[in-house]
Amino acid sequence: MSLRITDDPAADELLSTNPLALLVGMLLDQQVAMETAFAGPLKIQERTGSMDAATIAHEDPEAFAAAFSQSPAVHRFPGSMATRVQSLCSAVEEHWGGDAANIWTRDDPDGATVLKRLKALPGFGEQKAKIFLALLGKQRGFDGDGWREASAPYGEEGSFRSVADIVSPDSLTKVREHKRAAKAAAKDAKKD
């Protein structure tokens, strides 16, 4: 199944076929629109010529940051996010043989194991790791035991909480509505 996250067929194709691109898109998904974050890997590949963990990990940091900063910037914080992407790629190279898919395929892991592996990556906290695990389960065919429980609440069937649930423009609208409602509830809770 091809992903439909960015509304850019070339970016979505890269996310669908390159596990590192999908992982990098998830890393970039903070303080920018989801579409912008997940379109980032294609921009990186077009500007640097690669979406390979070892190649990116060993890029000159200044040149890599400059590629991030080209207009339109890959992220609204190009310098710090370029550093984070290189750190992530270094970890994938060092611990996963340069293949991001090994994180969720090596040794036929269950959901809790994949969650633990994701949380060990630079830039992946609890929430980001759970969302990515839900994305793997809902859209990338990961079926390790307990993945829904490990990714809860993002793995819930029929939910519209995150990028894991975006399969069409309609589902994107539902995810945006859920996020707006959650922010409003958090804001109201602070007032009380």
Side-chain angles (χ1 to χ4, degrees), residues 1-16 19 21-44 68 72-78 80-81 84-85 88 100 103-104 110-192:
M1 162 169 37
S2 286
L3 294 168
R4 295 188 59 198
I5 299 172
T6 68
D7 202 30
D8 175 342
D12 285 340
E13 178 65 20
L14 181 63
L15 296 170
S16 299
L22 188 59
L23 193 66
V24 167
M26 189 73 231
L27 177 72
L28 295 172
D29 189 17
Q30 60 186 53
Q31 299 182 335
V32 295
M34 286 179 285
E35 300 92 330
T36 300
F38 283 91
L42 181 61
K43 289 178 189 167
I44 294 167
F68 252 70
V74 172
H75 194 276
R76 71 185 276 200
F77 301 111
S80 62
M81 292 310 284
R84 286 185 184 186
V85 168
L88 176 64
I103 297 165
W104 55 91
D110 62 12
T113 300
V114 173
L115 181 64
K116 182 178 177 183
R117 291 173 178 181
L118 289 167
K119 287 170 40 179
L121 295 172
F124 276 73
E126 179 89 12
Q127 183 178 19
K128 191 175 289 279
K130 284 183 172 197
I131 292 169
F132 193 76
L133 177 56
L135 178 59
L136 293 173
K138 288 181 174 184
Q139 297 196 50
R140 304 311 311 146
F142 176 72
D143 63 357
D145 288 342
W147 75 264
R148 285 192 190 274
E149 295 79 6
S151 65
Y154 302 99
E156 291 174 1
E157 185 91 39
S159 68
F160 292 97
R161 297 179 182 274
S162 72
V163 68
D165 304 303
I166 298 172
V167 295
S168 66
D170 181 54
S171 58
L172 172 62
T173 299
K174 289 178 181 178
V175 168
R176 289 207 188 288
E177 289 169 359
H178 174 81
K179 287 185 172 212
R180 270 194 291 277
K183 282 183 182 179
K187 193 174 186 179
D188 288 345
K190 282 185 178 181
K191 290 179 184 177
D192 292 338

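When a residue number appears, it is its place in the shown sequence, counting from 1. These figures come from a predicted structure and were not determined experimentally.
- Here D12 contributes atom CG and D7 contributes atom CG; the two are 7.5 Å apart, rounded to the nearest 0.5 Å.
- Once rounded to the nearest 0.5 Å, the distance linking CG of L3 with CG of L135 reads 6.0 Å.
- Side-chain atoms of Q139 do not come within 3.5 Å of backbone N or O of V167 as any donor-acceptor pair.
- Using a 4.5 Å heavy-atom cutoff, the side chains of W147 and L136 are not in contact.
- By the 4.5 Å heavy-atom criterion applied to side chains, Q30 and R84 are counted as neighbours.
- Note that NE2 of H75 is 8.5 Å distant from CZ of F68, once rounded to the nearest 0.5 Å.
- Residues P72 and K43 are in side-chain contact: their nearest non-hydrogen atoms beyond the backbone lie under 4.5 Å apart.
- Of the N and O atoms on the side chains of T173 and D170, not one donor lies less than 3.5 Å from an acceptor on the other residue.
- Between E35 and R176 a salt bridge is recorded (basic side-chain N to carboxylate O distance below 4.0 Å).
- Counting all heavy atoms, side chain and backbone alike, G25 lies closest to F38 at C-CE2, 3.5 Å.
- Counting heavy atoms from C-beta outward, L121 and L23 have side chains that approach closer than 4.5 Å.
- Checked by atom type, the side-chain pair S171/D165 shows no donor-acceptor distance below 3.5 Å.
- At least one side-chain heavy atom of V114 sits under 4.5 Å from a side-chain heavy atom of F142.
- For the side chain to side chain donor-acceptor pair (under 3.5 Å) with Y154, the qualifying choice from K138, Q127, K130, R148 is Q127, the only one to do so.
- Using a 4.5 Å heavy-atom cutoff, the side chains of M26 and F132 are in contact.
- Between L14 and A21 the shortest heavy-atom distance is CG-CB, 3.7 Å.
- Between D29 atom CG and I131 atom CD1 the span is 7.0 Å, to the nearest 0.5 Å.
- Counting only distance, with no hydrogens or angles, the side chain of S2 and the backbone of S16 share no donor-acceptor pair below 3.5 Å.
- With rounding to the nearest 0.5 angstrom, the OG atom of S162 is 7.0 Å from the NZ atom of K179.
- Here CD1 of I166 is found 14.0 Å from CZ of R161. Values are rounded to the nearest 0.5 Å.
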